[in-house]
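First up is the structure itself, then whatever we jot down about it.
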Protein chains: 2
Amino acid sequence: MQMSQGVEWALHTCLNLSWLPPDQAVPTGKLAAFYELPAAYLNKQLQALVRAGILSSQPGPRGGFRLARAPEDITLLDVVLAIEGPDEAFVCNQILRHGPGGRPEVDYRQTCLLARGMRRADIAWRRELAAQTLAEIREDVERHFPETPRNTRARFAGQ
Amino acid sequence: MQMSQGVEWALHTCLNLSWLPPDQAVPTGKLAAFYELPAAYLNKQLQALVRAGILSSQPGPRGGFRLARAPEDITLLDVVLAIEGPDEAFVCNQILRHGPGGRPEVDYRQTCLLARGMRRADIAWRRELAAQTLAEIREDVERHFPETPRNTRARFAGQ
DNA sequence: GTTCAGATACTCGGATAGGGACTGTCCGAGTCCTATTGG
DNA sequence: CCAATAGGACTCGGACAGTCCCTATCCGAGTATCTGAAC
């Protein structure tokens, strides 16, 4: 099991956008050049973020992507779910239905205690991701690396 | 991101084995027939459990698989890691290294605050899985479905 | 000088190929059981 | 009757194809800007 690397791209890109003025749109090319990523593929991830309501897009000259809402209202879980989809990692295929005494009308995704145990872990994972907003991460970065905001703005302002 | 369905097979199989006397070995064919699973593919998953020290195998007639240690010493995390591998879901590819001011000698898997946030969630997930032992799950099942142990034993004893 | 229309260049969005991992299957190495034969 | 041996059947373990999703790319639809001319 391995998460798509698009998650990493999306997280860093959203964090970079959080340092820019809210009305500044950045096109895919500049966002990709920041980390030397393939622009067309990054664009695909950004589309998913737009569909999730995390980014807003604008076509044409002076167009690009910007944050659709405040960094305080964007959690790590929001970004991860936008890229990876809403389904949880462990999917219960209800093999108990094919076992001895299996009833077709029972929803074993709810009753199976193993599925419930896996769900408990998934909930803990989501709770931890939902507890971290983009604004908090940004503050942490500014505390540890004070020059990052200025460098980021300069990189996107240049040209 | 979706977990291999072999995890579900492995979990249920280990749980079934926990109801049998510790010296009873069950071959792949019977374990697969219990849930109508493809025997050869289930065997592949059981091999992984043997390599992880969760099951022990014995070839030849009267051979098969049995739990290698007590259900109290087998956690859900042990089974999941045996099938899925030890790596965590989010892998930090250190794209900060290719960004402005990226240093080749820095290990960004440790310093990147986004990677750290994702790691926090992964740790919470593993902590929750490690907190549930196979023995506790077994007791829960016996409490909710008292006839399950007898049915399981009968199914494996029959023939 | 101002305004309007056309052309242009730029950007997003979805549709289109390629590769790796999960899924599924098969056959060989090793082991235990059993039947037979000789004492 | 007992023991040894040879054969057979059974099981695990790793090696071999098929399929789906992630990766990567390209081109068309739409929009803001710029230029030029007309008023």
Side-chain angles (χ1 to χ4, degrees), chain A residues 1-10 13 17 23-33 35-68 80 82-87 89-91 93 95 156 159, chain B residues 1-10 13 17 23-33 35-66 68 80 82-85 87 89-91 93 95 156 159:
Chain A
M1 177 187 54
Q2 190 164 316
M3 203 172 290
S4 165
Q5 67 175 358
V7 173
E8 186 182 9
W9 302 359
T13 298
L17 287 175
D23 58 344
Q24 178 176 354
V26 183
T28 304
K30 287 186 183 176
L31 290 172
Y35 294 119
E36 301 175 3
L37 302 176
Y41 190 31
L42 175 64
N43 188 16
K44 196 175 184 59
Q45 318 295 342
L46 299 179
Q47 287 174 31
L49 293 175
V50 171
R51 279 192 295 268
I54 298 173
L55 298 184
S56 69
S57 64
Q58 181 178 347
R62 299 275 300 170
F65 296 89
R66 73 191 72 183
L67 290 182
V80 171
I83 303 296
E84 290 294 322
D87 296 337
F90 178 82
V91 288
N93 289 108
I95 65 174
F156 284 127
Q159 181 49 245
Chain B
M1 177 188 54
Q2 190 162 318
M3 204 172 290
S4 164
Q5 67 175 357
V7 172
E8 186 182 10
W9 301 359
T13 299
L17 286 175
D23 59 345
Q24 180 177 351
V26 183
T28 303
K30 288 186 182 175
L31 291 172
Y35 295 118
E36 302 175 3
L37 303 175
Y41 191 30
L42 175 64
N43 187 16
K44 197 177 184 58
Q45 318 294 343
L46 299 180
Q47 288 174 31
L49 293 175
V50 171
R51 279 192 294 269
I54 297 173
L55 299 184
S56 68
S57 64
Q58 180 178 349
R62 300 275 299 168
F65 296 90
R66 72 191 72 181
V80 172
I83 303 296
E84 289 293 323
D87 297 338
F90 178 82
V91 287
N93 289 106
I95 65 175
F156 285 126
Q159 179 51 242

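Values reported hereafter were calculated over all heavy atoms of this structure, with side chains retained and with hydrogens, waters and symmetry mates removed. All of these numbers come straight from a predicted model, not from anything done at the bench. Letters A, B, ... are given to chains in the order of the sequence lines, protein chains preceding strands, and every chain is numbered from 1.
For the pair B/Phe65 CZ and D/dG13 P, the interatomic distance rounds to 5 Å; values are reported in whole Å. If you take CZ of B/Arg51 and C1' of D/dG13, they are 9 Å apart, rounded to a whole angstrom. In this entry the distance linking NZ of B/Lys44 with P of C/dA21 reads 14 Å, nearest Å. Put simply, OH on B/Tyr41 is 8 Å from P on C/dC22, counting in whole angstrom units. Across the protein-nucleic acid pair, B/Arg66 atom CZ and D/dC12 atom C1' stand 13 Å apart, rounded to whole Å. The CE atom of A/Met3 sits 17 Å away from the C1' atom of C/dA21 (whole-angstrom rounding). Going from atom NZ of B/Lys30 over to atom C1' of D/dC12 covers 16 Å, rounded to whole Å. Protein atom CG of A/Asp87 is 11 Å distant from nucleotide atom P of D/dC22, rounded to whole Å.
Note that the CD1 atom of A/Ile54 and the CG atom of A/Leu46 stand 11.0 Å from one another [nearest 0.5 Å].
Across all strands shown, B/Gln5 has heavy atoms under 4.0 Å from sugar-phosphate atoms exclusively, and none from any base. Counting non-hydrogen atoms under 4.0 angstrom, A/Gly29 reaches nothing in the nucleic acid. The residue B/Gln58 sits close only to the backbone: its heavy atoms come under 4.0 Å of sugar-phosphate atoms, none of a base.
What you find for B/Glu84 and A/Met1 is that their closest heavy atoms are OE1-N, 2.6 Å.
For the pair B/Glu84 and B/Gly60, nearest-nucleotide mapping onto DNA chain C gives the more 5' position to B/Glu84. With DNA chain C read from its 5' end, the first of the two nearest nucleotides for A/Arg62 and B/Pro59 is the one closest to A/Arg62.
The backbone N or O of A/Asn93 sits nowhere less than 3.5 Å from a side-chain atom of B/Gln5 that would complete a donor-acceptor pair. The main-chain N or O of A/Ala10 is never found under 3.5 Å from a side-chain atom of A/Gln45 such that the two would form a donor-acceptor pair.
When the side-chain nitrogen and oxygen atoms of B/Ser57 are compared with OP1 and OP2 of D/dG13, one or more of them lie within a distance under 4.0 Å. Dashed line: the shortest gap from a side-chain N or O of A/Gln2 to OP1 or OP2 of C/dA21 is not under 4.0 Å.
Looking at the side chain of B/Ser4, the nearest of the listed nucleotides C/dG13, C/dC26, C/dC22 is C/dC22. The listed nucleotides are C/dC12, D/dC12, C/dC32; the one nearest the side chain of A/Asn43 is C/dC12. Here C/dA9 is the nucleotide among C/dC32, C/dC12, C/dA9 with the atom lying nearest to any side-chain atom of A/Pro61.
Among A/Leu49, A/Val26, A/Leu31, the single residue meeting the side chain to side chain contact (heavy atoms under 4.5 Å, CB included) criterion with A/Thr13 is A/Leu31.
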